[in-house]
Each structure stands twice: as structure tokens, then as C-alpha cells.
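Inspection log for the structure reproduced underneath, given as C-alpha cells.
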Amino acid sequence: MQAWQVHENGEPSEVMRLEDVARPVPGDGQVLLKVRAANINFPDVLMCRGHYQVRPPLPFTPGVEICGETEDGRRVIANPALPHGGFAEYAVADAAALLPTPDSLDDAEAAALHVGYQTGWFGLHRRAHLEAGETLLVHAAAGGVGSAAVQLGKAAGATVIGVVGGADKAAVARELGCDVVVDRRSEDVVAAVKEATGGRGADVIYDPVGGDAYTQSTKVVAFEGRIVVVGFASGTIPSPALNHALVKNYSILGLHWGLYNTKNPKLVQHCHEQLTELAARGAIKPLISERVPLAGAADAVQRLGDGVTTGRIAVVPTGAQA
């Protein structure tokens with residue numbers, strides 16, 4: 001089969017190589033899956049660079065979430081068991097962790113429903129306890145992680161402010177349903193958010209960016225507000241001033257969704273049921289900006305790493321339907 005292999009760490013476009021390799025052999029409790037579509041996530045970029053908290057042995061195949069097909073023809077959503085990731089024609093995954101694919105979504109959309117939407121659901125509901133009528137601010141609102149949070153926030157009855165970089169991404173954020181869109185390249189984020197909220201600030205802030213975005217968050221978080229730290233796409237990990245959190249009376253919440261798979265897997269299943277219901281009634285729908293063939297995966301991963309993509313890019317192996 002064909003699979004992308006990373007033999008050394010570096011930029012995805014430089015270290016990912018499309019090679020002919022043997023099909024992976026499932027271990028105990030695992031199943032072999034034909035990859036119907038694989039979604040590109042920022043952890044794929046970080047793993048190529050060697051900067052992710054999980055470091056699979058070299059060589060490895062990136063791709064942390066897929067829509068796959070079992071040997072008996074069932075469509076499932078899975079996190080492949082590394083080092084046999086999803087940017088390949090076949091992958092392996094833990095049988096106990098397979099999730100049914102919602103009938104309302106095609107392969108590419110189903111592949112994008114898992115990590116980003118689970119992260120959003122846990123971040124907004126489990127950690128921040130977002131309530132209807134509250135104001136949610138989402139950084140990188142036009143990206144894969146941000147777009148999921150925007151849709152989930154709207155589904156929960158929140159007023160959503162989306163922060164983006166550039167006019168094209170601002171248009172995407174509006175289409176996603178953001179009530180207010182702030183272009184950080186042409187606007188003062190802090191001033192714009194304060195104006196939009198009458199000076200009160202945002203009740204919940206969803207931050208997959210870090211760096212300057214986190215600093216802005218601390219300036220616009222409301223009384224008893226909650227900042228959910230999801231990731232550091234900017235490449236800069238903030239050092240929170242805890243005296244500031246004390247004086248302004250806000251919470252800083254960390255979210256590592258992957259831990260729930262081992263600490264409380266029943267919650268992951270419950271979350272998937274909630275997401276499936278939301279998808280069935282059209283309240284959420286993964287934004288697939290591109291569907292690329294397997295040969296285009298390295299370029300797509302690099303573009304995600306460079307911050308020039310919107311929504312999700314799905315890798316669709318030859319012969320799969322998306």
C-alpha cells in the first residue's frame with residue numbers, strides 16, 4: 001500500500017515521503033481499517049516537527065483521525081494507532097474506541113467530526129460550562145478547531161465573537177455564524193471586543209493559539225469568565241500572571257482531550273452521541289475547505305502549519321469516496 005512516512009523530524013513538506021510499504025498488522029484488540037478519508041490536524045504538523053507531546057517512533061505515518069471502513073463494510077470514525085497513522089491507504093485502530101459514523105455526514109465530514117469537535121464540546125461544556133445567553137470568544141475562528149467551537153457555541157445558544165487573521169478568514173467566520181467578527185490584522189482586538197460587549201468582556205474564551213491571543217484574552221475576559229487553553233498554534237506558550245487572574249476573578253482552564261480516552265472513555269462516547277444528534281439536525285457540520293488526494297497530503301499539512309488554511313482539509317486516498 002501507499003503511505004506517507006516521516007524518517008526524520010522537520011517541516012512536513014521536507015520530511016514527509018510517500019512510499020510503498022506493507023499493510024500494518026493489527027495487534028491485540030486492534031482492527032485493520034481501509035482509510036476512506038483522513039482529516040489533517042495541527043498535531044500532525046507538530047509530530048512531523050518533533051514538537052508534539054506524543055512522539056511516535058521513526059519512521060511513522062502521520063494522521064490522527066480518519067473515517068475508515070471495517071472488513072465487514074462498516075463506516076467508522078477512529079484515531080489510528082501510531083505509528084500507523086491515517087495518511088495511508090490502510091491504518092490500524094483500537095477496536096474498543098471505534099465510533100459509528102453519522103449518516104448525515106460524508107466521509108470527509110465524518111473524519112473531521114472527531115478531534116476538533118470533541119475538543120470543542122469538552123472545552124465549552126465539560127470545562128467552561130458555557131450557558132445559553134453567554135458570550136463566547138473564539139480565536140482562529142475560521143480554522144479547523146475554531147470553526148468547530150463556533151458551531152458548538154451557536155448550538156448552545158451563545159453569542160459568538162470570532163477573531164481571525166485576514167479578510168478571507170473573516171468571510172468564512174461570518175458564514176459559520178459568528179455574531180461579531182474581528183480581523184486582528186486590521187482591528188484592535190481588545191477594543192473591538194470591549195465595544196461589542198459594552199465593556200463587559202467575554203464569558204468564555206476558547207484559545208487554540210496562545211501567544212498574543214492569550215494576552216488579549218486576559219484583557220477582555222469578563223468577571224467570572226473562563227479562558228480555555230486548547231493549544232499553541234502560534235508557537236508561543238504563554239506564562240500566565242496568576243495575580244492578574246486573582247484580581248480580575250477569572251479562571252484559566254487547561255484541556256487535553258486525549259486524556260479522556262484513558263481517564264473516562266464513557267464521556268467520549270457520550271460526547272459522540274451528542275455530536276451525532278447535533279449533526280443530524282444540522283446544528284453542526286464540519287467545514288471541509290479542501291479534499292486532496294493522498295499524493296497531496298504533505299503540501300496540505302505544510303499549509304496548515306503555515307496558518308494559511310481555513311476549516312478542515314481532508315485527505316482522500318485513491319478509490320475512496322468522500
Would you say the side chain of I161 lies within less than 4.5 Å of the side chain of V193, judging by non-hydrogen atoms? yes
Side chains of Y117 and Q151: donor-acceptor distance under 3.5 Å anywhere? yes
Can you find a pair of side-chain heavy atoms, one from R312 and one from L113, that are under 4.5 Å apart? no
What heavy-atom pair brings A88 and G85 nearest, and what distance separates the two atoms? CB-O, 4.1 Å
Any non-hydrogen side-chain atom of L18 less than 4.5 Å from a side-chain atom of L294? yes
Flag the pair P293 / V316 as yes when at least one side-chain heavy-atom distance between them is below 4.5 Å, and no otherwise. no
Minimum heavy-atom separation for L98 to A78, with atom names? CD2-CB, 3.6 Å
Looking at L253, is its backbone amide N or carbonyl O close enough to the side chain of S251 to form a donor-acceptor pair, meaning the two atoms are under 3.5 Å apart? no
Find the distance between CG (L137) and OH (Y206) and round it off to the nearest 0.5 Å. 13.0 Å
For residues 207-234, the ring pair (Phe, Tyr, Trp, His ring centres under 6.0 Å) pairs (sequence neighbours left out) are none
With side chains defined as the heavy atoms from C-beta onward, is the minimum distance between E71 and V31 less than 4.5 Å? no
Would you compute the distance between atom CG of N39 and atom CG of N41 and round it to the nearest 0.5 angstrom? 4.5 Å
E11-Q302 side chain donor-acceptor pair, cut-off 3.5 Å: yes
Identify the residue among V164, D212, I205, V230 that makes a side-chain contact (heavy atoms from CB on, under 4.5 Å) with H139. I205
With sequence neighbours left out, which residue pairs that include part of residues 150-170 fulfil the salt bridge (charged side-chain N to carboxylate O under 4.0 Å, His left out) condition? K154-D179
Can you list everything that forms a ring pair (Phe, Tyr, Trp, His ring centres under 6.0 Å) with H244? Sequence neighbours excluded, please. Y250
Taking every heavy atom of C67 against every heavy atom of T101, the minimum-distance pair comes out as SG-OG1, 4.1 Å
Write out all pairs satisfying salt bridge (charged side-chain N to carboxylate O under 4.0 Å, His left out) with one or both partners inside residues 248-270, taking only residues at least two apart or from two chains. none
State the CD1-CG distance between I284 and L176, to the nearest 0.5 angstrom. 12.5 Å
Donor-acceptor pair, distance only, cut-off 3.5 Å: does the side chain of E277 make one with the backbone of Q274? no
Mind running side-chain hydrogen bond (donor to acceptor under 3.5 Å, both in side chains) on H7 and E19 for me, showing each step along the way? CA-CA 11 Å; H7 292 268; E19 300 177 354; 2.9 Å; yes
ILVMFWY network linking W4 to M47, side-chain heavy atoms under 4.5 angstrom: yes
Give me each pair satisfying side-chain hydrogen bond (donor to acceptor under 3.5 Å, both in side chains) with a member in residues 121-138, each pair once, sequence neighbours excluded. E134-R226
Sub-3.5 Å donor-acceptor pair from the side chain of R55 to the main-chain atoms of G50, do we have one? yes
E69 and its side chain to side chain donor-acceptor pair (under 3.5 Å) partner, picked from R75, K34, R36: R36
side-chain hydrogen bond (donor to acceptor under 3.5 Å, both in side chains) pairs, two or more places apart, involving residues 82-95: R23-Y90
